[in-house]
Amino acid sequence: MNTITIIGLGAADLEQLPLGVYRELTQNQSHLYARTLDHPVIQALQNEGITFESFDSVYESNDQFGDVYTEIASRLLTFSGGQDVTYVVPGHPMLAERTVQLLIQARDRGEVLLDIKGGQSFLDATFTALEIDPIEGFQFVDATDLKREELQFLNHIILCQVYDSLVASEVKLTLLEELPADYPVTIVTAAGSEHEKLTTVLLEELDRRVEVNNLTSVYIPPVKRDDLNHQFFRLREVIKILRSPEGCPWDRKQTHESLRKYMIEEAYEFIDAVNRMDDDHMIEELGDVLLQVMLHSQIGEDEGYFTIDDVIVSITEKMIRRHPHVFGEITVDSSDEVVTNWEAIKAEEKGQQPDSILDSVPESFPALLQAEELQKKAAKVGFDWDTVDPVIEKVEEEWKEFKEARDSGDREEMEKEFGDWLFAIANLSRHYKISSENALQRTNRKFRTRLSSMEKDAHTEGRQLRDYDLDSLEELWVKAKEKHKGAE
């Protein structure tokens, strides 16, 4: 089996090349292949009469860098089938060199032998040029495979392989999602060589007026915590501080029980913002809901029972399990099949059957919503009318019984019968596939709009609604109804 010898050319000039590597290249009897000729060491060696066969043309024939590296590795394996070959790469072979990783995989499959020899990493020269110490926290990232969610902005960040203005532009757009436009970044070119150049620009200017090439990297200095308040870890830190002995007395004394009402209130306030289609308030109210989640999670962590990590793991794994048509091999043709699968998986997860099919309907639900859910559960086992006519008859029957209770003067019986009537009304809405909760909310909003309009009309006359008799109020109501007709 033949061998591919991989040699790193170092970060920049020929003067930085170790003597042993230089001798091996100048005395090499096998064919020399270079990932790219665009490197000062290659150019210097060519001036000494050494010839290289490059893969620069592969870059031109492929649109994706991944395809480029795969093709280069494949060609090298083919060439090595008949002879030993030497392959030279910029920098160090084990640093940001995907072709080498692909060749290592081939070696592990028993397809080739490898002899990897070092070259100076450009990182050493870059650390020196920037005068930073990576022990303070450092992240090294391929700019051609940049993922916003993986960047650790509290650390020093160096983005390598900023080959051209297109890559620089993509880097800028990604960073602008996290950092302000005027955040300073440093463009480092040919670090450690006589052509070394450092240019600090505002982030928004990263792809403007600055020349980049295959020796260019971008440095992002550590970001202050207060400038990362949009990131999850900052929210967690703030909540932890509020619950700490040095934090807020009110937050410290809260319990799961004391916070119950706030969770309900914040959820309803978000729904109210949705109904108004008010994006700004949706953001605010979702933040308030998230605050409740964080407070409950911090209480769990303080008491040693669970943390926000447990909450996140629980919901992440649940979503993966219950969407096998997305994360698995299951195929579905409709949203109804999704719901059916969801319920089946949910039942399997629960294991032991509950005492009642109604146990999954929380008693803390609003009464109207709870009625709908109870009826849905009953319908799933066949306890339901097939048509709407008997449902209408039931509504009329319950209303008749309420009137009888009213005529008898028994208020407790009136309340019972009125509840039965509302339950029947909820059942009727379900049969017509109408959400009784949404329907009533819509009517509530309509009433708010009309009464508010009446108040404004009264105000223009220098009066309040209490100043009008019933007939006059009815006139204002009709006026408000006409004014808002079509908008409700």
Side-chain angles (χ1 to χ4, degrees), residues 135-139 147-157 177-179 222-274 279-323 327 342 345-352 354-355 359-366 369-370 373:
I135 196 65
E136 298 170 356
F138 166 66
Q139 188 177 19
K147 296 180 177 62
R148 169 190 174 191
E149 65 275 9
E150 295 177 359
L151 295 174
Q152 304 294 321
F153 288 101
L154 295 178
N155 296 333
H156 299 280
I157 299 176
E177 296 182 44
E178 298 282 350
L179 304 176
V223 181
K224 295 179 181 178
R225 289 183 120 76
D226 289 347
D227 291 331
L228 295 172
N229 285 346
H230 60 289
Q231 294 199 352
F232 180 75
F233 83 94
R234 281 292 291 146
L235 174 60
R236 188 173 186 179
E237 284 182 347
V238 168
I239 301 303
K240 192 177 186 69
I241 291 171
L242 290 174
R243 287 275 304 170
S244 71
E246 298 76 26
C248 171
W250 186 91
D251 290 288
R252 286 205 310 269
K253 76 175 185 179
Q254 297 310 307
T255 65
H256 294 305
E257 293 74 20
S258 70
L259 289 171
R260 284 177 298 189
K261 64 176 183 177
Y262 299 110
M263 178 71 82
I264 295 171
E265 289 175 4
E266 302 301 355
Y268 275 120
E269 288 179 7
F270 169 69
I271 297 302
D272 196 42
V274 172
D279 290 340
D280 290 338
H281 277 90
M282 275 192 249
I283 293 170
E284 180 180 351
E285 300 305 339
L286 277 176
D288 290 341
V289 172
L290 180 56
L291 169 61
Q292 298 306 310
V293 174
M294 298 302 296
L295 283 171
H296 281 286
S297 299
Q298 189 59 50
I299 291 170
E301 183 172 348
D302 294 341
E303 295 177 348
Y305 292 113
F306 66 91
T307 71
I308 188 62
D309 295 326
D310 299 310
V311 175
I312 293 172
V313 166
S314 174
I315 189 59
T316 301
E317 293 184 348
K318 179 190 291 186
M319 289 300 99
I320 293 172
R321 286 195 310 271
R322 296 192 184 180
H323 291 82
F327 301 103
W342 177 284
I345 297 169
K346 181 178 179 180
E348 183 179 348
E349 290 173 354
K350 299 297 182 183
Q352 183 178 355
D355 295 333
D359 286 351
S360 62
V361 181
E363 294 185 15
S364 57
F365 268 12
L369 177 60
Q370 188 176 162
E373 293 302 314

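We're numbering straight along the sequence, starting at 1.
- The salt bridge (charged side-chain N to carboxylate O under 4.0 Å, His left out) test applied to Arg252 returns no partner, not counting sequence neighbours.
- Under the salt bridge (charged side-chain N to carboxylate O under 4.0 Å, His left out) criterion, Lys224 pairs with no residue at all, not counting sequence neighbours.
- When the side-chain hydrogen bond (donor to acceptor under 3.5 Å, both in side chains) test is applied to Glu266, no partner is found at least two apart in sequence or on another chain.
- Take Tyr262 and apply the ring-ring contact (aromatic ring centres under 6.0 Å, His included) test, not counting sequence neighbours, and it matches Trp250.
- Here Ser297 contributes atom OG and Ile312 contributes atom CD1; the two are 8.0 Å apart, rounded to the nearest 0.5 Å.
- Contact detail for Val293 and Ile308: the closest heavy-atom pair is CG1-CD1, 4.2 Å.
- With sequence neighbours excluded, the residues forming a side chain to side chain contact (heavy atoms under 4.5 Å, CB included) with Ile320 are Thr316, Phe327, listed by chain and number.
- Going from atom CD1 of Ile315 over to atom CG of Asp310 covers 13.5 Å, rounded to the nearest 0.5 Å.
- Residues passing the side-chain hydrogen bond (donor to acceptor under 3.5 Å, both in side chains) test with Lys240, sequence neighbours excluded: Glu301.
- Among residues two or more places apart in sequence or in another chain, the ring-ring contact (aromatic ring centres under 6.0 Å, His included) test is passed with Phe138 by Phe127.
- Of all heavy-atom pairs spanning Phe270 and Glu285, the tightest one is CA-CB, 3.6 Å.
- Under 3.5 Å, the side chains of Glu178 and Gln231 contain a donor-acceptor pair of N or O atoms.
- Considering CD of Gln254 and CG of Leu259, their distance stands at 5.0 Å, rounded to 0.5 Å.
- The aromatic rings of His256 and His296 lie parallel to each other, with less than 30° between the two planes, well short of the 60° mark.
- Interatomic distance, CD of Glu269 versus CD1 of Ile271, reported as 11.5 Å (0.5 Å rounding).
- Two residues are said to be in side-chain contact when any heavy atoms from C-beta on lie closer than 4.5 Å; Met294 and Phe232 meet this criterion.
- With sequence neighbours excluded, no residue forms a salt bridge (charged side-chain N to carboxylate O under 4.0 Å, His left out) with Asp227.
- No hydrogens or angles considered: a donor-acceptor pair under 3.5 Å links the side chains of Glu136 and His156.
- Within the 3.5 Å criterion, the main-chain N or O of Gln298 finds no donor-acceptor partner in the side chain of Glu303.
- Of all the heavy atoms in Arg236 and Thr307, the pair that sits closest is NH2-CB, 4.1 Å.
- His281 is linked by a ring-ring contact (aromatic ring centres under 6.0 Å, His included) to nothing, counting only residues two or more places apart in sequence or in another chain.
- In this structure, Asp251 and Leu242 approach most closely via the heavy-atom pair CB-O, 3.7 Å.
- In this structure, the side-chain hydrogen bond (donor to acceptor under 3.5 Å, both in side chains) partners of Arg225, at least two apart in sequence or on a different chain, are Glu237.
- The CD1 atom of Ile239 lies 8.0 Å from the CG atom of Leu290; values are rounded to the nearest 0.5 Å.
- Between Gln292 atom CD and Met263 atom CE the span is 5.5 Å, to the nearest 0.5 Å.
- Scanning for salt bridge (charged side-chain N to carboxylate O under 4.0 Å, His left out) contacts around Asp272 gives Arg276, with sequence neighbours left out.
- More than 12 heavy atoms of other residues, nucleotides or ligands lie within 6.0 Å of CD in Glu257, so this atom counts as buried by the packing criterion.
- For Glu317, there are no side-chain hydrogen bond (donor to acceptor under 3.5 Å, both in side chains) partners, not counting sequence neighbours.
- Heavy-atom minimum distance, Asp226 versus Arg234: OD1-NH2, 3.2 Å.
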- [ ] Show your working on side-chain contact (heavy atoms from CB on, under 4.5 Å) between Val238 and Asn229 and close with a plain yes or no.
- [x] CA-CA 10 Å; Val238 168; Asn229 285 346; 5.8 Å; no
